[in-house]
Amino acid sequence: MAASAVQAAQTAAVTTKSIAKSLLRDPSSIHSRCQAQQLHAQLLKGYSFPYTASSILAIYSRLCLPDDSFRAFSFIPSPSPSSWTSIISCSAAAGLFSHVLFLFQRMRSTGAPPNHKLLPNVLKACAALRSSKLGESLHACAISFGLDSDLFTGNALMNLYCKLGGFQNDLNRSEEMLSRDFGGGCASKIGILERNISRLSAGASPMDNVRKLFEEMPERDVVSWNTVIGGDVENGLYVEALRMVMEMISVGLRPDSFTLSTVIPIFAELGNVSKGKEIHGYTIRNGLDREVFIGSSLIDMYAKCTLVEYSYRVMGFLPNPDAVAWNSIIAASVQNGQFDEGLRLFREMLAVKLKPMAVTFSCLMPACAHLTTLHLGKQLHSYVIRGGFDGNVFVQSALVDMYAKCGNICVARRIFDAMPSVDMVGWTSMIMGYALHGPAYEALNLFRSMEMENGKPNYVAFVAVLTACSHAGLVDEAQKFFDRMTKDYGITPCLEHYAAVADVLGRAGKVEEAYDFISKMHIKPTSSVWSILLGACRVYKNAELAEKVAKKIFELEPSEIAPHLIMSNIYSASGKWKEAADMRMLMRKKGLKKQPACSWIEIKNKVHGFVAHDVSHPCYGNITEAWEALKDQMKREGYVPNTEDVLHDVEEEQKIANLCGHSERLAIVFGIISTPPGTTIRVTKNIRVCVDCHTAIKFISKIVGREIIVRDFNRFHHFKDNGCSCGDFW
DNA sequence: ATAGGGTTAG
């Protein structure tokens, strides 16, 4: 028995050996890491043939297995050119770019020359790392070895310079770096180098350099053209990019799906849908419209041009939409305000077994933020954590924004504090969060920290900090920030900045000043800016100025509802019932209908919506019963109804009854009777909270001992203990 | 061997 076992083992060994031998002769037959490792083990055992680390390295690197490749490589005392090529290609394919540069430097230090197979990979790594200095040295290296005339090297060089776009390239320093970084260096080589590189001007646009390289290439392929076109697009040279496409066609090359997916985003950016449709037509005629790369950029283009229905159609024609196509269609719907559709598409994406990516969540999160559905936001957050996407800075910023918008500013802050590096979007989301919730000093402090840590705030950051000032009524600070924005940072104010300053002036009662400020804007004020002032006129009962402002609004937007309502309200408040009636008549003549006010609340992951005097809710009986009890208690505590905001020309008693039926009160009372004592109540309302409800909710918060958070059309109110975070300023 | 699509704050 023992003898036969030995024999069997020997036969097995012979068989394995012969398999190993044949595998080495034809390494392309190895398709998995497991097979490669078994072969490696056989080689290490060193049967009858010599162990060749370089052949196993070639196999590992072809399978793109960097760890195994590194191990095999480390056993090669003096690597051959092909071994260097293997290990560097494998590192490049695995995205280990700094390793590529490190290995290349080591290779050069042994005196081994670069070759045309290797250099494109090194250039790719350099482009990925945006290393301008090394890039120039590599360029010098390519020239000194005569590799710059190689098609692939030339393409990779052009790509490198496109990626370095924004960098200051001082090409005259290359000589020094040639010898220092990559061991070039003899006099004749440097002569060639100088002659070649001096023709690339240091001060010119980076794309000019790319174009020179392009023109000097002895041969060009579609990739060469696509690279220059891509560089033009990346550097905002849209006209030039499109001219290149035409020229490419005129020399007899056909734009491929790379070319088209590079230029389609131009029309998204410019919002030029008719040109975009032309390109779409071209893709259909050439059978390219079913490719995912084309499809994704078309979906995005139509969405950015607000033709989201076209996006859906493009998606519908894709035979095999990949995760990116799904991301695009989700982004398309969310960007166009179709939040429920975005969420539905996400579920559909999961249902077809595609794995979501970090981008998926940064596209989708704003849907929860806009819908104020905290429970959905939390579900997505847990998905983010389980999927390991919580390290992505886009996702983190989107989460900060979502939690802030869904009313949970504390969690937003916790996520913000945990961010290892905060970009401008992260800072701005957090600042905007505080602006919406009330603690303006937190917003202002964060803005200062951001200036210290992140340098230059952009215009959105100023929108956020000005919003914080306006919500807190900080007139002087707002004006200071506005001045600093224009003077210190050279940012041209846009509509939102003007709106915020006009708002803060108006709220502070400086309505005439606000009028002057708006009149002096360097862009034409829109009806929305004037409407802000109109609102202030109503609060400060300045009917005269209100009429002047309303006239401007009606000229700009004759069919906007809000100014009609406000004017009617102003007239009612000053007892001008006839004017008020005329205004409402005018609205009827124009066919304008008031948007119904509604409020909603989430109870046990279900959303309950209420409109004013809503009797449709199954718990209506309980709600009125609880409200009556609450009302008595409120009266005892000193609550007096304020009917100033009630529009209708009716008796005082009826006005009070109207107030009591306001949708937010129904939602709050329903929240109180449906949750355990002490639970925070979160209600969302589609329009501004009225003065009386604001007072009433303060009383309610004290009586029931709960925090009540109401999100209205433009901010959050945290009611607690008879006070509100907005400081009665909203 | 070289190139490409979708993302967050208002």
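Proteins get letters first, then strands, A, B, ... in listed order; numbering begins at 1 in each.
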J.: Assess the side chains of A:R711 and A:T372: does a donor N or O sit below 3.5 Å from an acceptor N or O?
T.: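 Yes, because at least one side-chain N or O of A:R711 sits under 3.5 Å from a partner of the opposite role on A:T372.
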J.: Can you check the A:D423 CG to B:dT7 P distance for me, whole Å?
T.: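 It is 16 Å, rounded to the nearest whole Å.
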J.: Just to be sure I understand the rule, does A:Q335 reach a base, reach only the sugar-phosphate, or reach nothing, if contact means heavy atoms closer than 4.0 Å?
T.: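 Here A:Q335 touches the backbone only, sparing every base.
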J.: How close do A:I523 and A:P493 get, counting heavy atoms only, and between which atoms?
T.: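 For A:I523 and A:P493, the tightest heavy-atom pair comes out as CD1-O, 4.4 Å.
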J.: Nearest whole angstrom, please: distance from the C1' of B:dA9 to the CE of A:M450.
T.: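 That distance rounds to 11 Å.
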J.: Heavy atoms under 4.0 Å, any strand shown: does A:N226 hit a base, just sugar-phosphate, or nothing?
T.: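 Answer is base: heavy atoms of A:N226 come under 4.0 Å of a base.
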J.: Is A:S328 touching bases, backbone alone, or none of the nucleic acid, heavy atoms closer than 4.0 Å?
T.: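 A:S328: backbone/sugar contact only, no base atoms under 4.0 Å.
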J.: Indicate the ring-plane relationship of A:Y498 and A:H522, choosing parallel, tilted or perpendicular according to the 30° and 60° boundaries.
T.: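 Tilted, since the angle between the ring planes falls between 30° and 60°.
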J.: Which whole-number value in Å describes the distance from A:I279 CD1 to B:dG5 P?
T.: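 To the nearest whole Å, that distance equals 16 Å.
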J.: Under the side-chain hydrogen bond (donor to acceptor under 3.5 Å, both in side chains) test against A:N155, which residue among A:T227, A:N226, A:D221 passes?
T.: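 So, applying the side-chain hydrogen bond (donor to acceptor under 3.5 Å, both in side chains) to A:N155 and each of A:T227, A:N226, A:D221, only A:D221 qualifies.
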J.: With the side chain of A:D256 defined as its heavy atoms from C-beta on, choose the nearest nucleotide among B:dA1, B:dG4, B:dA3.
T.: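 Nearest to the side-chain atoms of A:D256, counting from C-beta on, is B:dA3.
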J.: Ignoring backbone atoms, test whether A:K163 places a side-chain nitrogen or oxygen under 4.0 Å from the OP1 or OP2 oxygen of B:dG4.
T.: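 Result: yes.
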J.: So, OP1 or OP2 of B:dA1: does either fall under 4.0 Å of a side-chain N or O from A:N121?
T.: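 It does not, given that no N or O in the side chain of A:N121 lies less than 4.0 Å from OP1 or OP2 of B:dA1.
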J.: Does the ring centre of A:F361 sit less than 6.0 Å away from the ring centre of A:H381?
T.: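 No, the ring of A:H381 stays outside the 6.0 Å limit from the ring of A:F361, centre to centre.
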J.: By the 4.0 Å heavy-atom rule, please label A:V324 as base, sugar-phosphate, or nothing.
T.: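 Touches a base.
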J.: Nearest to the side chain of A:S257 - B:dG4, B:dG5, B:dA9?
T.: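 Closest nucleotide among those given: B:dG4.
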J.: Taking the six-membered ring for Trp, does A:W427 stack with B:dA9 (centroid gap under 5.5 Å, planes within less than 30°)?
T.: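 So no, this residue does not stack on that base, at least one cut-off failing.
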J.: Can you identify which nucleotide, out of B:dA9, B:dT7, B:dG4, has its nearest atom closest to the A:V359 side chain?
T.: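 In terms of side-chain proximity for A:V359, the closest of B:dA9, B:dT7, B:dG4 is B:dT7.
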J.: Just checking A:S89: base, sugar-phosphate only, or nothing, at a heavy-atom cut-off of under 4.0 Å?
T.: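 No contact at all - A:S89 keeps every heavy atom at 4.0 Å or more from the nucleic acid.
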J.: Give A:S429 one of three labels, base, sugar-phosphate or nothing, depending on what nucleic acid heavy atoms sit under 4.0 Å from its own.
T.: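 Result for A:S429 = sugar-phosphate.
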J.: Looking at B:dA3, B:dA9, B:dG4, which one has an atom nearest to any side-chain atom of A:V425?
T.: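 The closest nucleotide is B:dA9.
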J.: Measure distances between side-chain N and O atoms of A:S362 and base N and O atoms of B:dT7, and say whether any donor-acceptor pair falls under 3.5 Å.
T.: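 Yes, a donor-acceptor pair under 3.5 Å.
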J.: Going by the angle between their ring planes, with limits at 30° and 60°, are A:F293 and A:F258 parallel, tilted or perpendicular?
T.: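 Ring orientation, 0 to 90° scale: parallel.
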J.: Provide, to the nearest angstrom, the distance between the CD1 atom belonging to A:I264 and the C1' atom belonging to B:dA3.
T.: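 Rounding to the nearest Å, CD1 of A:I264 and C1' of B:dA3 are 16 Å apart.
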J.: Check for me: is A:F152 stacked on B:dT2 by the 5.5 Å centroid and 30° plane-angle rule?
T.: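 No, A:F152 does not stack on the base of B:dT2, since the centre distance and plane angle fail the 5.5 Å and 30° test.
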J.: Which atoms form the tightest heavy-atom contact between A:S397 and A:D423, and what is the distance?
T.: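 That would be OG-OD1, 3.6 Å.
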J.: Atom CG of A:D221 and atom C1' of B:dA3: how far apart are they, to the nearest Å?
T.: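 It works out to 10 Å between those atoms.
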J.: Output the single nucleotide from B:dG5, B:dA1, B:dT8 whose closest atom is nearest the side chain of A:D322.
T.: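 Looking only at side-chain atoms, A:D322 lies closest to B:dG5.
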J.: Select one nucleotide: of B:dT2, B:dG4, B:dT7, the one nearest the side-chain heavy atoms of A:N155.
T.: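 Minimum distance to the A:N155 side chain belongs to B:dT2.
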J.: Could you work out which one of B:dA1, B:dT8, B:dG5 sits closest to the side chain of A:P265?
T.: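 So the nucleotide nearest the side chain must be B:dG5.
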J.: CE of A:M424 versus C1' of B:dA9: gap in Å, rounded?
T.: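 These atoms are roughly 11 Å apart.
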J.: For the side chain of A:S296 and the base of B:dG5, is some donor closer than 3.5 Å to an acceptor across the two?
T.: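 In this structure, the two groups form a donor-acceptor pair.
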J.: Nearest whole Å is fine: how far is B:dT7 C1' from A:K304 NZ?
T.: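 To the nearest whole Å, that distance equals 9 Å.
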J.: Can you tell me how far P of B:dT8 sits from CG of A:D401, to the nearest Å?
T.: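 To the nearest whole Å, that distance equals 10 Å.
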J.: Just call it for A:M357: base, sugar-phosphate, or nothing, with non-hydrogen atoms closer than 4.0 Å on any strand.
T.: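 If one applies the 4.0 Å heavy-atom cut-off, A:M357 turns out to touch a base.
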J.: Would you indicate what A:V222 reaches in the nucleic acid, counting non-hydrogen atoms under 4.0 angstrom: base, sugar-phosphate, or nothing?
T.: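 If one applies the 4.0 Å heavy-atom cut-off, A:V222 turns out to touch nothing in the nucleic acid.
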J.: Between B:dT8, B:dA3, B:dA9, which nucleotide gets closest to the side-chain atoms of A:S397?
T.: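 Closest of the options to the side chain of A:S397: B:dT8.
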